[in-house]
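Encoded as structure tokens, the structure appears first; notes follow it.
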Amino acid sequence: MKQPTLAIYGDSISIKYEGGGWPQKIESLIDFKTIYNHAIGGSGISRTTPNNTLGLLDDQDNLHPDADIVIIWHGTNEWYWGAPLGTCEDESEDTFAGAISSAVHTLRAVNPEVKIIWMTPLFRHQPPNMIESTQEAWDTKNKSGFTMKDYDNMIWEQSNRLCFPVIDLRRLTNFSKENKHLYYRDIAHPSEKGFELIADLIARHLKQWYL
């Protein structure tokens, strides 16, 4: 595949930043023909989250039949806003599980050959909406009673059921409480150094799998 076209759907971690977020930095690692970036700050993917990606996909202008690769990076704000988790067979777009299924089917209907990749949520040390906590998100229950671990596990379950690969950035980045001052600009968003590592990891997987 020469000069692939990439479409990105995600939250604030995938928008453009001064100094360069990962979508900007990956351009120096892979020669993309086009990058469509539909990331929205504070968003999730399910209908129960603000500015959600499923609502975005309702607009044909946000669907790209020419995209060779689609990267979806959602899950962290599902946890933050307390979106219902659902089950793998769930068809409700109000749940995280159902929203994953709906997004994958929608994108494949536009282009059956598109390569869809999901990425796991990063380390996050912040209380979810309406909850007081000083623990890491991985172990902290949100207002719906789910931890970040629950949403992470659902990504893997849907990966197996719907046949799309996952880049396990939570583990591969090695971000943690002990080194967050090196890789984060705040309690939830990577710094430029963090984005450099993220872009490198994503580029390596894309080259290994599809390029």
Side-chain angles (χ1 to χ4, degrees), residues 4-17 20-27 32-86 88 90-122 124 128-129 142 144 146 148 151-152 154-155 158-159 161-167 169 188-190 195 198-199 202 206:
T5 291
L6 171 66
I8 299 168
Y9 301 93
D11 52 42
S12 57
I13 298 176
S14 296
I15 64 176
K16 291 185 176 181
Y17 282 90
W22 75 262
Q24 293 150 280
K25 294 185 180 300
I26 204 171
E27 291 187 65
F32 289 104
K33 180 180 180 181
T34 306
I35 296 180
Y36 302 108
N37 192 339
H38 294 290
I40 301 174
S43 68
I45 190 169
S46 62
R47 300 277 184 187
T48 49
T49 58
N51 301 310
N52 58 81
T53 290
L54 286 190
L56 193 76
L57 295 178
D58 288 337
D59 186 342
Q60 292 294 315
D61 290 340
N62 299 324
L63 299 171
H64 304 287
D66 60 326
D68 302 294
I69 299 170
V70 168
I71 288 178
I72 305 176
W73 198 359
H74 275 301
T76 190
N77 282 339
E78 245 68 28
W79 168 80
Y80 179 79
W81 293 115
L85 184 65
C88 274
D90 200 335
E91 295 184 0
S92 171
E93 295 184 342
D94 289 341
T95 71
F96 184 49
I100 292 174
S101 180
S102 179
V104 169
H105 291 315
T106 296
L107 293 165
R108 285 176 174 164
V110 173
N111 178 4
E113 294 185 337
V114 69
K115 310 302 183 186
I116 298 174
I117 298 169
W118 213 284
M119 305 196 292
T120 57
L122 298 174
R124 186 169 183 172
N129 186 44
N142 59 21
S144 298
F146 302 111
M148 186 77 84
Y151 296 96
D152 188 288
M154 182 55 66
I155 291 170
Q158 291 293 57
S159 166
R161 190 175 76 90
L162 298 171
C163 305
F164 59 80
V166 176
I167 302 177
L169 288 180
H189 301 89
F195 280 129
I198 290 167
I202 296 171
L206 294 185

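In what follows, every heavy atom counts, from backbone to side chain, and hydrogens, waters and symmetry copies are set aside. None of the values given here were measured: they were computed from a predicted structure.
- A side-chain N or O of Thr95 and one of Asp90 form a donor-acceptor pair less than 3.5 Å apart.
- With Gln158 contributing its side chain and Ala97 its backbone, the two residues share a donor-acceptor pair below 3.5 Å.
- A donor-acceptor pair is defined here as one N or O able to donate and one able to accept, closer than 3.5 Å; no such pair exists between the side chain of Glu27 and the backbone of Phe32.
- Put simply, the side chain of Asn111 gets close to the backbone of Ala67: a donor and an acceptor are under 3.5 Å apart.
- Closest approach of Met154 and Cys88 over heavy atoms only: SD-SG, 4.1 Å.
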- Message: Applying side-chain contact (heavy atoms from CB on, under 4.5 Å) to Ile116 and Leu162, what does each step give before you reach the verdict?
- Response: CA-CA 10 Å; Ile116 298 174; Leu162 298 171; over 6 Å; no
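- Contact check for Met148 versus Pro128: no side-chain heavy atoms found under the 4.5 Å cut-off.
- Residues passing the salt bridge (charged side-chain N to carboxylate O under 4.0 Å, His left out) test with Asp58, sequence neighbours excluded: Arg47.
- Residues passing the side chain to side chain contact (heavy atoms under 4.5 Å, CB included) test with Asn37 are Ile8, Pro23, Ala39, sequence neighbours excluded.
- In terms of heavy-atom proximity, Leu57 sits nearest to Leu107 at CD2-CD2, 4.2 Å.
- Ser92 is linked by a side-chain hydrogen bond (donor to acceptor under 3.5 Å, both in side chains) to nothing, counting only residues two or more places apart in sequence or in another chain.
- Smallest separation of non-hydrogen atoms from Ala188 and Ile13: O-CD1, 3.9 Å.
- For the atom pair CE (Met119) and CD1 (Ile72), the distance works out to 10.0 Å, reported to the nearest 0.5 Å.
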- Message: Quick one, Ser101 with Arg161, criterion side-chain contact (heavy atoms from CB on, under 4.5 Å). Give me CA distance, side-chain angles, the key distance, then yes/no.
- Response: CA-CA 9 Å; Ser101 180; Arg161 190 175 76 90; 3.4 Å; yes
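- Formation of a donor-acceptor pair under 3.5 Å by the Trp73 side chain with backbone atoms of Thr120 is found in this model.
- Taking 4.5 Å as the limit, some side-chain heavy atom of Phe96 sits within range of a side-chain heavy atom of Ile155.
- The two residues Asn77 and Thr49 come nearest to each other via the heavy atoms O-CG2, 4.4 Å.
- Of all heavy-atom pairs spanning Thr5 and Asp66, the tightest one is CB-O, 3.5 Å.
- Under a 3.5 Å cut-off, the side chain of Ser102 and the backbone N or O of Gly98 do not form any donor-acceptor pair.
- Residues forming a side chain to side chain contact (heavy atoms under 4.5 Å, CB included) with Asp59 (at least two apart in sequence, or on another chain): Asp61, Asn62.
- For residues 99-122, every residue pair satisfying the ring pair (Phe, Tyr, Trp, His ring centres under 6.0 Å) rule, not counting sequence neighbours, is listed here: Trp118-Phe164.
- Residues that satisfy the side-chain hydrogen bond (donor to acceptor under 3.5 Å, both in side chains) test with Tyr151, not counting sequence neighbours, are Asn142.
- For Pro50, the side chain to side chain contact (heavy atoms under 4.5 Å, CB included) partners at least two apart in sequence or on another chain are Trp81.
- Partners of Asn51 under the side-chain hydrogen bond (donor to acceptor under 3.5 Å, both in side chains) rule, at least two apart in sequence or in another chain, do not exist in this structure.
- For Lys16, the side chain to side chain contact (heavy atoms under 4.5 Å, CB included) partners two or more places apart in sequence, or in a different chain, are Gln24.
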- Evaluation steps, side-chain contact (heavy atoms from CB on, under 4.5 Å), between Ile71 and Ile167: CA-CA 10 Å; Ile71 288 178; Ile167 302 177; 5.7 Å; no
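- With a 4.5 Å cut-off on side-chain heavy atoms, Asp11 and Ser43 count as touching.
- Considering only residues two or more places apart in sequence or on other chains, Ser144 meets the side-chain hydrogen bond (donor to acceptor under 3.5 Å, both in side chains) condition with none of them.
- For the pair Leu206/Ile26, a side-chain contact is recorded, criterion being any heavy-atom separation below 4.5 Å from C-beta on.
- When all heavy atoms of Ile15 and Tyr17 are compared, the pair lying nearest together is O-CD1, 3.3 Å.
- Residue pairs meeting the salt bridge (Lys or Arg N to Asp or Glu O under 4.0 Å) criterion with at least one member in residues 98-108: none, sequence neighbours excluded.
- Tyr9 contributes atom OH, which lies 7.0 Å from atom CG of Leu56 (distance to the nearest 0.5 angstrom).
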- Query: Can you list the steps and then say if Leu169 with Ile198 is a side-chain contact (heavy atoms from CB on, under 4.5 Å)?
  - Reply: CA-CA 7 Å; Leu169 288 180; Ile198 290 167; 4.1 Å; yes
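- Residue pairs meeting the ring pair (Phe, Tyr, Trp, His ring centres under 6.0 Å) criterion with at least one partner in residues 47-69, sequence neighbours excluded, are Tyr36-His64, His38-His64.
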